[in-house]
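Notes follow once the structure below has been shown.
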Amino acid sequence: MNHDDLRDWSKQAADWIHDYHEGLRGRPVRSQTRPGDTRAQLAGQAPEQPESMEAIFEDFARIVPDAMTHWQHPRFFAYFPGNASPASMLAEQLANAMAAQAMLWQTSPAATEMEEVMVSWLRDALGLDPHFTGTLHDSATTATLSALLTMREKALNWLGNSQGLQGQPTLRLYASEHVHSSIDKDVRIAGIGQENLVKIPTDAGHAMDMKALDAAIRADREAGHLPAGIILCVGGTGIGACDRIADGVAVARVHGLPTHVDAAWAGSAMICPEYRHLWEGIDGADSIVFNPHKWLGVQFDCSVQFLADPAPQVRTLGLRPEYLKTLGKSSSMTDFNEWTVPLGRRFRALKIWFTLRAYGLEGLRQRIRNHVAWAEELAETLATLPGVQIVTHPQLSLFSFALDSGDAATEALLKRINDDGRVYLTQTRHDGRLVIRVQVGQFDCTREDVMCVHEVVKELL
């Protein structure tokens, strides 16, 4: 295949993509295949000789789509969405065609400078203070890992990087029980250890208990441990729990600790001023992460980390071997590989630029406001069904429900819903109880798509 062939097949692929999206409502949302079905249709070894693109594309259309869970389906209400607006998809195609490795300013000047500008566009759109700068990561897991590594090194005066963790004091990090499991993964990767992530109890509003936080930090210091930082949550994955950011920052300042705020999902909603009370005090945070790929229509992967001061993170993650130095480098050149874990970096800023321009902030605000309103309407409607209880009321566009008859009945209902295929929901546990999560946020969903959840539940009760 050469570039002339690519031109022709790209046109055919574009037609296939259009037809795929046009027909998504007719497909079951979750893949209905069984384990091993796809593997059985693939050759056991790579071919020795080239095969025709006609055969390859035909096999793709035959094997792949029906064996995929359709994340762009307008009735995908599971997890959080991995949105991909048409404008974002177009930008991603162009970025893929250039196939740049944007590790240094000199390797991709446009990618670097557009990243700087897109971070500032999003900072302003979310109402954050102008002192924040930032960078793009693949996911919130990596952004949070960068923040936690920086917390680790600041606490150890950067001796962890040079000497390792052996012989260093036991580091402690603090978060509520509602933080995403990526925090747990990151403390393991950072060498801090699962047992040193202190889960602070929450109050009746599911926010971290600040008195308990303060007491835990004091107790750890008395025990000879070294507190390193606090992770706060805005829009937890389970039920949308939000910590009181201003109070958390105040406790952190009393103890001289940095704060990282995980707003991976709910951060997008802050383009709407009426929701910003959910992270009041956010300008006092040291690090903030949110994912435009969850609710702003920017294709996965795209995670933004805002930093009050990037210097500690650059000191933690930056490394300049001779072959990565830019001869004659000026202070206006940013090498973003020094801000992030990977050396290699994709051109992610292009799809942000396309998306924000193609839909405008007001267009994106209206989508989010619609999703919130439709989630509230759906929760009210489900509550009228016999035996259905709304367990956690909508936090933005996320709520949960269960059957009064217990966990086994709730689990069986969820299986029937997802086997039916018209909508896709997931579960979590809240206060020891199995509940079904509903999260409205797919880019192209309509009110009718959302209310289809009520129809399906009513039929399958």
Side-chain angles (χ1 to χ4, degrees), residues 83 85 87-88 91 102 105 109-137 139-140 143-144 146-147 232 234-235 242 245-246 249 259-311 313-314 332-334 336 339-340 345 347-372 396 441 443:
N83 274 329
S85 67
S88 177
W105 180 91
T112 298
E113 295 183 15
M114 187 172 286
E115 180 165 338
E116 292 173 315
V117 175
M118 289 305 99
V119 167
S120 69
W121 277 19
L122 289 169
R123 175 199 65 206
D124 295 344
L126 271 58
L128 293 172
D129 192 86
H131 76 271
F132 283 106
T133 182
T135 188
L136 303 180
H137 299 266
S139 67
T144 299
S146 300
L232 301 169
V234 177
C242 293
I245 303 304
V249 168
T259 53
H260 172 70
V261 177
D262 180 0
W265 160 62
S268 293
M270 303 311 160
I271 65 171
C272 304
E274 64 268 30
Y275 303 135
R276 291 177 189 165
H277 66 278
L278 294 174
W279 72 359
E280 184 179 352
I282 192 67
D283 287 333
D286 296 283
S287 172
I288 308 162
V289 62
F290 96 104
N291 292 346
H293 66 237
K294 279 191 167 72
W295 210 0
L296 285 187
V298 178
Q299 182 160 343
F300 182 86
D301 54 18
C302 186
S303 183
V304 179
Q305 183 190 16
F306 297 108
L307 293 161
D309 178 9
Q313 187 156 307
V314 172
S332 63
M333 297 178 183
T334 301
F336 273 121
W339 298 46
T340 59
R345 306 187 82 253
F347 187 1
R348 295 186 178 93
L350 189 66
K351 56 193 173 188
I352 301 176
W353 190 53
F354 268 57
T355 302
L356 294 182
R357 295 183 66 190
Y359 305 100
L361 290 175
E362 191 52 42
L364 296 172
R365 288 187 191 106
Q366 190 56 56
R367 273 183 161 83
I368 288 173
R369 287 167 177 153
N370 285 343
H371 296 163
V372 172
L396 296 173
F443 197 77

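Just so you know, residue 1 is the first one in the sequence shown, and it goes up from there.
Under 3.5 Å, the side chains of Ser85 and Arg367 contain no donor-acceptor pair of N or O atoms. Side-chain N/O atoms of Thr334 and Glu116 include a donor and acceptor closer than 3.5 Å. Donor-acceptor pairing under 3.5 Å is recorded for the side chains of Ser287 and His260.
A 4.5 Å side-chain heavy-atom check between Ile282 and Leu126 finds every atom pair outside the cut-off. Looking at heavy atoms from C-beta onward, Arg348 lies out of side-chain contact with Met118 at the 4.5 angstrom threshold. Leu128 places a side-chain heavy atom less than 4.5 Å from the side chain of Asp283. Side-chain contact check for Ile352 versus Val119: every heavy-atom pair is 4.5 Å or farther apart. In this structure the side chain of Leu307 never reaches within 4.5 angstrom of the side chain of Asp286, judged on heavy atoms.
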Step by step, would you call Trp353 with Val298 a side-chain contact (heavy atoms from CB on, under 4.5 Å)?
CA-CA 9 Å; Trp353 190 53; Val298 178; over 6 Å; no
Run the side-chain contact (heavy atoms from CB on, under 4.5 Å) check on Leu136 and Val304 step by step: do they pass?
CA-CA 5 Å; Leu136 303 180; Val304 179; 3.5 Å; yes
Before you tell me yes or no, could you show the steps for Leu122 and Leu356 under side-chain contact (heavy atoms from CB on, under 4.5 Å), namely the whole-Å CA-CA distance, both residues' side-chain angles and the distance that decides it to 0.1 Å?
CA-CA 9 Å; Leu122 289 169; Leu356 294 182; 4.0 Å; yes
Apply side-chain contact (heavy atoms from CB on, under 4.5 Å) to Phe354 and Gln299, showing your working.
CA-CA 11 Å; Phe354 268 57; Gln299 182 160 343; over 6 Å; no
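Residues Arg276 and Ala125 come closest through the heavy atom pair NH2-O, 3.0 Å. Residues His293 and Ser303 approach most closely at ND1-N, 4.4 Å, considering heavy atoms. Heavy-atom minimum distance, Trp295 versus Ser268: CB-CB, 3.6 Å. For Trp339 against His137, the heavy-atom pair with the smallest separation is O-CE1, 4.2 Å. Summarising the geometry of Gly284 relative to Thr259, their closest heavy-atom pair is O-OG1, 4.1 Å, with the distance given to 0.1 Å. For Tyr275 against Met270, the heavy-atom pair with the smallest separation is O-SD, 3.4 Å.
Within 6.0 Å of CD in Glu280 there are 12 or fewer heavy atoms belonging to other residues, nucleotides or ligands.
Ring geometry, Phe306 versus Phe290: the interplanar angle falls under 30°, so the pair is classed parallel (tilted spans 30 to 60°).
Asn83 places a side-chain N or O within donor-acceptor distance of the main-chain N or O of Gly441, the cut-off being under 3.5 Å.
Atom CD of Glu115 is separated from atom OG1 of Thr112 by 7.0 Å, given to the nearest 0.5 angstrom. Taken to the nearest 0.5 Å, the CZ atom of Arg345 stands 4.0 Å off from the OG1 atom of Thr135. Atom-to-atom distance recorded for Asp124:CG and Asp129:CG is 10.0 Å, nearest 0.5 angstrom. Note: His277 NE2 to Ile245 CD1 = 12.5 Å, rounded to the nearest 0.5 Å. Rounding to the nearest 0.5 Å gives a distance of 4.5 Å between SG of Cys272 and CZ of Arg369. For the atom pair Arg365 CZ and Leu296 CG, the distance stands at 10.5 Å (nearest 0.5 Å).
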